[in-house]
Amino acid sequence: MNKMKITIGYLYGDLMNIYGDTGNIIALKKRAEWRGIKVDVKNISIDDKLYTSDVSSKKINIYFFGGGQDQAQELVARDLVVSSKGKSIKSEVERGVPLLAICGGYQLLGDYYKPHNGPKLPGVGLFPAYTVASHDRMIGNIIIESMFGKLVGFENHSGKTYLKKGALPLGMVVKGFGNNREDQTEGCIYKNAVGTYMHGSLLPKNPKLADWLLKKALEVKYGGKIELEPLNDTLELQAQSSAIRKFG
Ligand code: GLN
């Protein structure tokens with residue numbers, strides 16, 4: 001894998017990056033570099049151009065979109081529309097490019113996010129879901145059962161996300177609140193895009209999900225099936241199992 005290279009597009013990292021979300025970028029970068037894969041991280045914020053049809057070296061291979069407060073979400077929602085970055089991201093996900101969006105970022109990639117004050121913020125329409133702010137703040141450690149096995153994280157949101165008919169949740173809540181504290185779903189998975197309320201950072205303690213995103217990025221960029229060489233995940237899995245023991 002020494003000749004391989006990926007570019008991670010960090011969406012609005014200056015505005016949308018709370019509760020340790022940047023740790024997901026670090027986890028993806030290290031897990032790729034430990035396998036000899038070169039990694040570039042491209043910060044893409046308000047008014048920045050988004051390379052999606054440029055030469056392959058600049059093409060974004062994984063998107064990451066962190067969480068943020070309502071004020072930042074307003075700015076970002078507008079930019080996603082005005083700069084048509086939202087449309088580009090959606091078309092990249094449609095062709096299989098992987099994406100991870102956490103909380104506020106996840107909310108803006110659905111159909112809309114209705115904050116407490118002010119009008120609905122238009123979403124990108126990538127996840128078949130919509131979010132409405134509630135007076136119910138959902139804070140705490142969370143464990144879900146998913147296609148990656150158990151995933152552990154931390155949530156802090158007042159937004160309640162409802163999945164539309166046919167939408168696939170990332171997983172089902174074992175402990176915690178999840179999308180809306182009503183239907184036991186957590187997050188959403190669409191093609192190779194994952195939306196979730198799990199801050200923490202999520203990926204360092206959930207290596208299977210991290211590697212799934214890397215694998216998908218490499219397969220889309222280089223074609224064919226790619227198997228990542230296994231890493232020694234003793235520490236990562238100890239962190240995960242201690243969270244499950246403590247909060248499960
Ligand atoms: N402002 C949104 C909410 O409270 C998102 C918060 C976040 O990203 N943690 O639901």
Side-chain angles (χ1 to χ4, degrees), residues 9-19 21 24 44-48 50 63-94 99-140 142 144 153-171 173 176-191 193-200 202:
Y10 190 173
L11 295 170
Y12 306 98
D14 50 337
L15 294 164
M16 302 280 288
N17 153 30
I18 49 180
Y19 312 131
D21 289 344
N24 294 300
I44 302 160
S45 193
I46 304 275
D47 300 332
D48 284 336
L50 178 62
Y63 286 96
F64 178 71
F65 196 175
Q69 305 307 347
D70 285 13
Q71 299 78 352
Q73 286 180 286
E74 240 170 87
L75 277 175
V76 168
R78 192 171 321 115
D79 185 66
L80 281 166
V81 173
V82 168
S83 70
S84 65
K85 284 201 274 282
K87 246 199 312 242
S88 306
I89 294 163
K90 188 168 186 308
S91 67
E92 290 294 276
V93 165
E94 288 299 338
L99 171 145
L100 174 65
I102 312 277
C103 202
Y106 164 39
Q107 294 171 342
L108 294 184
L109 295 182
D111 288 356
Y112 63 83
Y113 170 49
K114 171 67 183 81
H116 281 295
N117 317 313
K120 267 186 200 175
L121 301 177
V124 168
L126 190 163
F127 293 116
Y130 60 92
T131 302
V132 183
S134 75
H135 292 290
D136 195 1
R137 186 144 277 275
M138 293 154 274
I139 302 183
I142 176 169
I144 70 169
F154 175 81
E155 58 184 328
N156 180 346
H157 56 105
S158 72
K160 291 193 170 186
T161 296
Y162 297 92
L163 300 182
K164 290 162 66 175
K165 202 164 165 348
L168 270 179
L170 170 60
V173 175
F177 302 105
N179 279 327
N180 50 46
R181 193 179 196 163
E182 295 159 25
D183 61 15
Q184 299 306 309
T185 64
E186 199 295 315
C188 185
I189 188 162
Y190 174 72
K191 297 205 170 190
V194 170
T196 176
Y197 274 110
M198 301 172 87
H199 292 284
L202 176 66

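Everything numeric in this text was worked out from a predicted model, so none of it was measured.
Contact check for K164 versus D111: side-chain heavy atoms found under the 4.5 Å cut-off. Here the side chains of Y12 and N17 are not in contact, with every heavy-atom distance at 4.5 Å or above. Residues Y197 and N179 form a side-chain contact, since some pair of their non-hydrogen atoms from C-beta on lies under 4.5 Å apart. For the pair H199 and I18, the minimum side-chain heavy-atom distance is below 4.5 Å.
For Q107 and T161, the side-chain atoms include no donor-acceptor pair closer than 3.5 Å. Judged by distance alone, the side chains of E94 and Y190 do bring a donor and an acceptor atom under 3.5 Å apart.
When the shell of 6.0 Å around CG of D14 is examined, it contains more than 12 heavy atoms from other residues, nucleotides or ligands. Residue K114 places its NZ atom among more than 12 non-hydrogen atoms of other residues, nucleotides or ligands, all under 6.0 Å distant.
We find the OH-CG distance between Y112 and L121 to be 11.5 Å, quoted to the nearest 0.5 Å. From L80, atom CG reaches atom CG of L126 across 10.5 Å, with rounding to the nearest 0.5 Å. Here R181 contributes atom CZ and D136 contributes atom CG; the two are 4.5 Å apart, rounded to the nearest 0.5 Å.
Side chain of D79 to main chain of V76: no donor-acceptor pair is present (N/O by atom type, distance under 3.5 Å, no hydrogens or angles).
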